[in-house]
Amino acid sequence: MKKKTVVSLGIGAALGAGIGVLLAPKSGKETRKDLKNKIEELRNKLKKIDKQDIKNYVEERINKIEEQLKDLDKEKVIKIAKEKAKRIEKECKELSKYIKTKSEPVLEEAIEAVRKKAVEATKKSIAKLEA
């Protein structure tokens with residue numbers, strides 16, 4: 001088998017396993033554990049391959065996938081969502097303040113409705129992430 005084919009199969013298997021595990025209806029903790037197990041299985045299969053350059057390439061990619069997996073940490077996602085929610089609310093308030101200075105009551109009501117909906121949507125998103 002050609003080197004590119006073997007590497008492509010390895011990467012495809014790793015990505016397929018990762019995506020499959022991430023889309024499974026399990027908790028984030030269980031999903032990350034399953035993905036970690038799949039990566040370990042891939043590592044064990046990799047040890048059986050003789051060509052060192054293929055091993056090195058696939059090992060490097062596995063390490064990158066694991067680093068990306070760490071970024072899926074629930075607390076990190078919640079923190080980012082809360083920061084985004086604060087920025088959205090700030091932007092809405094600034095827009096509202098601007099509109100008030102221009103004395104446009106129709107726009108004031110509309111932007112206040114947008115602000116309320118944005119706050120509601122971000123709170124629901126954060127609540128889902130924290131659940």
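- Here S125 contributes atom OG and I78 contributes atom CD1; the two are 11.5 Å apart, rounded to the nearest 0.5 Å.
- Note that the CD atom of E40 and the CD1 atom of I62 stand 8.5 Å from one another [nearest 0.5 Å].
- Take K123 and apply the salt bridge (charged side-chain N to carboxylate O under 4.0 Å, His left out) test, not counting sequence neighbours, and it matches no residue.
- Residues meeting the side-chain contact (heavy atoms from CB on, under 4.5 Å) test with E91, sequence neighbours left out: E94.
- Shown here are the side-chain contact (heavy atoms from CB on, under 4.5 Å) partners of K116, two or more places apart in sequence or in another chain: E112.
- Listed here is the closest heavy atom pair of T122 and V119: OG1-O, 3.0 Å.
- Taking a cutoff of 4.0 Å between a charged side-chain nitrogen and a carboxylate oxygen, K86 and E89 do not qualify as a salt bridge.
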